[in-house]
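Just below is one structure, and these are the notes that go with it.
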Amino acid sequence: MNHYETVFILTPVLSDAQMKEAVEKFEGVIKDAAGTIVNEEIWGLRKLAYPIQKKSTGFYTLLEFDADPTVVKKLETQFRRDERVIRFLTFRLDKYAHLYAEKRRSLKGAKQTAKEAEQNKED
């Protein structure tokens, strides 16, 4: 099993429910092919660097997952077939990138727990 990371951009005309439905669809493709999702980050609506299909914003989503190489082909086929996807990029993480991603996730988790503890003190 290899470690992969994919970032895809969904069209900005979707509602939050439609956006989450699309993300769940792609997660399902990974899980159905015996892959495991390690991390999911929905970055939200962001400005694009340049217009794509006459759109200047899009919903960004990052998925980190472990799977066989055949899963990537199935996932990218689904990206191409879905008209809600503007752009996508999937790449295999080498051992250094995988370690960096783990460290980034742990730091992010530590920040969230510190933030929650601070909010609990205020209450």
| Do I42 and F79 share a hydrophobic cluster (ILVMFWY, side-chain heavy atoms under 4.5 Å, transitive)? | yes
Contacts of T57 meeting side-chain contact (heavy atoms from CB on, under 4.5 Å) (sequence neighbours excluded), chain-then-number -> P12, L45
ring-ring contact (aromatic ring centres under 6.0 Å, His included) pairs touching residues 91-117, sequence neighbours excluded, are H3-H98
Contacts satisfying salt bridge (charged side-chain N to carboxylate O under 4.0 Å, His left out) that involve residues 90-99 (not counting sequence neighbours) are none
To the nearest 0.5 Å, atom OG1 of T61 lies from atom CD of E27 at 9.0 Å
For residues M19 and I37: do they belong to one hydrophobic cluster (side chain heavy atoms under 4.5 Å, members Ile, Leu, Val, Met, Phe, Trp, Tyr)? yes
Rounded to the nearest 0.5 Å, the CG atom of D68 sits from the NZ atom of K73 at a distance of 14.5 Å
For K108, the side-chain contact (heavy atoms from CB on, under 4.5 Å) test, sequence neighbours excluded, returns E41, Q112
Rounded to the nearest 0.5 angstrom, the CG-CD distance for L10 and E21 is 11.0 Å
*Verify the neighbour count for atom NZ of K55: are there more than 12 heavy atoms of other residues, nucleotides or ligands below 6.0 Å?*
yes
**Message:** Can you confirm whether more than 12 heavy atoms, excluding those of Q53, are under 6.0 Å from its CD atom?
**Reply:** yes
Heavy-atom nearest pair, G35 first then A67, reads CA-CB, 4.0 Å
Sequence neighbours excluded, the answer for side-chain contact (heavy atoms from CB on, under 4.5 Å) partners of D82 is K25, F26, R84, V85
Tell me if a side-chain donor or acceptor on Q78 pairs with a main-chain N or O of L75 at a distance below 3.5 Å. no
(request) I would like to know whether F65 and E40 meet side-chain contact (heavy atoms from CB on, under 4.5 Å); could you show each step before the answer? (result) CA-CA 9 Å; F65 60 96; E40 171 195 347; over 6 Å; no
Exercise. Thinking salt bridges, do E76 and R81 make one under a 4.0 Å N-O criterion?
Worked result: no
Checklist entry - Looking at side-chain heavy atoms only, is the closest gap between E102 and L99 below 4.5 Å? => result yes
Self-check item: ILVMFWY network linking V38 to V72, side-chain heavy atoms under 4.5 angstrom
Solution: no
Connected to W43, directly or through other members, by ILVMFWY side-chain contacts below 4.5 Å are V7, I9, L48, Y50, I52, Y60, L62, I86
Has T6 got a side-chain atom pairing as donor or acceptor with L89's backbone, closer than 3.5 angstrom?
yes
query = Does D16 reach the side chain of F59, with side-chain heavy atoms less than 4.5 Å apart?
reply = yes
Exercise. Going hydrophobic residue to hydrophobic residue with side-chain gaps under 4.5 angstrom, can you get from V23 over to V29?
Worked result: yes
